Amino acid sequence: MPEPKLDLEYVVAENETEEKLFEIASELIKTDQFGVTDDLYAVGYALNLKGEASITKGILSARRSIAGIEYLQTDAAINPGNSGGPICN
C-alpha cells in the first residue's frame, strides 16, 4: 500500500473582503459545534471575482488532529476557483 500523502495549504486572505469574511466567521463559529455528518457550507470567491460569494454544500466527514492542530474533513467541493472562505454550519 502507498503511504498516505498529507497535502495541506494555509489559507490567507487575499483581499479586504476575504479578510473581513474570515474575521466575522472566526467570531461566530466554534468548530466544536460541528458533528460528523452535519451539513456544512464552504464559502469562497471564484477566481477572486467581484460580486457575491459562491457557496458549496457538503457534510463534515471527519475530525482529525495532526500535530496538535484540529482539521475538519468535508466532502464539499473546494477547488482553486472557489476556495478561500470559511466553512459554516
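Every value quoted in this text rests on a predicted model; they were computed, and no experiment measured them. Starting from 1, each residue takes its place in the sequence as its number.
- Summarising the geometry of Ala76 relative to Ala42, their closest heavy-atom pair is CB-CB, 4.4 Å, with the distance given to 0.1 Å.
- The shortest distance between side-chain heavy atoms of Leu72 and Arg63 falls below 4.5 Å.
- Taking Glu19 as the reference, nothing meets the side chain to side chain donor-acceptor pair (under 3.5 Å) condition, with sequence neighbours excluded.
- Under the side chain to side chain contact (heavy atoms under 4.5 Å, CB included) criterion, Asp75 pairs with Ile59, Ser61, not counting sequence neighbours.
- In this structure, Ala67 has no side chain to side chain contact (heavy atoms under 4.5 Å, CB included) partners at least two apart in sequence or on a different chain.
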